[in-house]
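Written below as structure tokens is the structure these notes are about.
Quick note: residue numbers are just sequence positions, from 1.
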Amino acid sequence: LSMAASFELSDCKLSVKTKVGTLDSGRDKVATVTFTGANSQAEAQTLLDFSGAVAQLMAPPVLENYRVDTRLIKAGD
């Protein structure tokens, strides 16, 4: 019998989605700034505080913040 496959965290990023304008259709035109190498142990409030500090340096308003985890799928032993 083989062991079940598992996930292993390989990368963690913080993405900040901003409104940079308005399209002809009236929808928001957005841009995303991504910070790689985020601490995978960071709590949500810490990431939100960081993105808030970054938002103060940016002209466009922040719409959303994302934590993006990339996980490897490993075969069982």
Side-chain angles (χ1 to χ4, degrees):
L1 287 173
S2 66
M3 299 285 287
S6 63
F7 292 110
E8 179 181 300
L9 185 63
S10 66
D11 189 31
C12 183
K13 300 174 187 170
L14 174 66
S15 293
V16 180
K17 183 176 170 183
T18 62
K19 178 180 177 179
V20 294
T22 304
L23 299 172
D24 291 339
S25 64
R27 295 180 52 144
D28 290 342
K29 181 177 181 182
V30 300
T32 302
V33 177
T34 301
F35 300 91
T36 60
N39 182 345
S40 63
Q41 302 300 313
E43 295 187 13
Q45 188 61 52
T46 301
L47 295 175
L48 190 59
D49 291 346
F50 175 81
S51 65
V54 168
Q56 292 180 20
L57 301 173
M58 300 173 66
V62 172
L63 300 174
E64 296 174 316
N65 300 288
Y66 296 91
R67 175 182 156 159
V68 181
D69 290 339
T70 302
R71 296 177 184 258
L72 295 174
I73 302 171
K74 296 185 72 174
D77 297 330

Under 3.5 Å, sequence neighbours excluded: what are the donor-acceptor pairs made by side chains of residues 66-74?
residue : atom : partner : partner atom : Å
Tyr66   : OH   : Glu64   : OE1          : 2.5
Arg67   : NE   : Asp69   : OD1          : 2.9
Arg67   : NE   : Asp69   : OD2          : 3.2
Arg67   : NH1  : Ser40   : O            : 3.3
Arg67   : NH2  : Ser40   : O            : 3.2
Arg67   : NH2  : Asp69   : OD1          : 3.2
Arg67   : NH2  : Asp69   : OD2          : 3.1
Lys74   : NZ   : Glu8    : OE1          : 3.1

Which pairs would a plain distance check flag for residues 28-37, meaning a side-chain donor or acceptor within less than 3.5 Å of a matching protein atom at least two apart in sequence or in another chain?
residue : atom : partner : partner atom : Å
Asp28   : OD1  : Lys19   : NZ           : 3.3
Thr34   : OG1  : Ser15   : OG           : 3.0

Name the atoms and distances for all side-chain donor-acceptor pairs under 3.5 Å in residues 49-61, with sequence neighbours left out.
residue : atom : partner : partner atom : Å
Asp49   : OD1  : Gln45   : NE2          : 2.8
Ser51   : OG   : Leu47   : O            : 3.4
Ser51   : OG   : Leu48   : O            : 3.0
Ser51   : OG   : Asn65   : OD1          : 3.0

### Summary
Taken in chain and number order and not counting sequence neighbours, the residues that satisfy side-chain contact (heavy atoms from CB on, under 4.5 Å) with Asn39 are Gln41, Ala42
